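Remember, predicted model here, so these are calculated numbers, not experimental data.
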Amino acid sequence: MKRILVLCTGNSARSQLAQGYLQHFAGDRAEVYSAGVDPKGVNPVAIQVVAEDGLDISHHTARRPGSNHADEYTGIAFDYVITVCDNAREQCPYFPSAGEWFHHSFSDPGHTAPADRPGEDLVTSFRRVRDEIKEYSREFIHQKLPA
């Protein structure tokens, strides 16, 4: 079984979404963890938009409810580490056992709408980022852990 770690800044939205979808698509072929370099707690809108898709991410962190700090996982041998924001890529700790590193920067759905999406509300922003992360996760699992 492969181990995957997803990192972002606050472990409140993007990494939580990715953990949920990567685990969903991988099934029993992987254990997926998420963490942040400055954890803030899981955003309830992230839980809501994933639930709209039939998944529950409200309880899936391994060590304790809510967000996890990246340092909590330095002793685990990960096959893949994925950073989902530029800040996490720049600040993430060294994982000596990490097999492969990947980076894909998704916009932060918890912040104001980007200039090309004026007037986008919070839930719409979360749904857009959810869909981007869902597709990325599906493709990642298809390429790295084919059935």
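Residues K144 and F102 are in side-chain contact: their nearest non-hydrogen atoms beyond the backbone lie under 4.5 Å apart. For the pair V49 and L17, the minimum side-chain heavy-atom distance is below 4.5 Å. A 4.5 Å side-chain heavy-atom check between Q143 and E139 finds at least one atom pair inside the cut-off. Using a 4.5 Å heavy-atom cutoff, the side chains of Y33 and N68 are not in contact. V84 is not listed as a side-chain neighbour of I133, based on a closest heavy-atom distance of 4.5 Å or more. The shortest side-chain heavy-atom distance between V129 and S107 falls under the 4.5 Å cut-off.
How far CG of L5 is from CD1 of I76: 8.0 Å, rounded to the nearest 0.5 Å. How far CZ of R127 is from CG of L122: 10.5 Å, rounded to the nearest 0.5 Å. For the atom pair CG of L7 and SG of C85, the computed distance is 8.5 Å after rounding to the nearest 0.5 Å. In this structure, CG on N11 lies 11.5 Å from CG on N43, to the nearest 0.5 angstrom. I82 contributes atom CD1, which lies 11.5 Å from atom NE2 of H103 (distance to the nearest 0.5 angstrom). Interatomic distance, CD1 of I141 versus OH of Y136, reported as 9.5 Å (0.5 Å rounding).
Contact detail for A18 and V6: the closest heavy-atom pair is CB-CG1, 3.7 Å. Here the closest heavy-atom approach between residue A46 and residue S12 is recorded as CB-O, 3.9 Å. Scanning all heavy atoms of the two residues, the minimum distance from D71 to T74 falls at O-OG1, 3.3 Å. In terms of heavy-atom proximity, S15 sits nearest to A35 at OG-O, 3.9 Å. Minimum interatomic distance between Q19 and S34 (heavy atoms only, all atoms of both residues): OE1-OG, 2.6 Å.
Q23 contributes a side-chain N or O that, together with a main-chain N or O of A30, makes up a donor-acceptor pair within less than 3.5 Å. Checking side-chain atoms of R14 against main-chain N and O of F106 turns up a donor-acceptor pair under 3.5 Å. Judged by distance alone, with hydrogens and angles left aside, the side-chain atoms of D53 form no donor-acceptor pair with the main-chain N or O of L55 at under 3.5 Å. For the pair H69 (side chain) and V37 (backbone), a donor-acceptor distance under 3.5 Å is present.
The ring pair (Phe, Tyr, Trp, His ring centres under 6.0 Å) analysis of residues 3-25, with sequence neighbours excluded, yields no pairs.
Within a 6.0 Å radius of NZ in K2, other residues, nucleotides and ligands contribute 12 heavy atoms or fewer.
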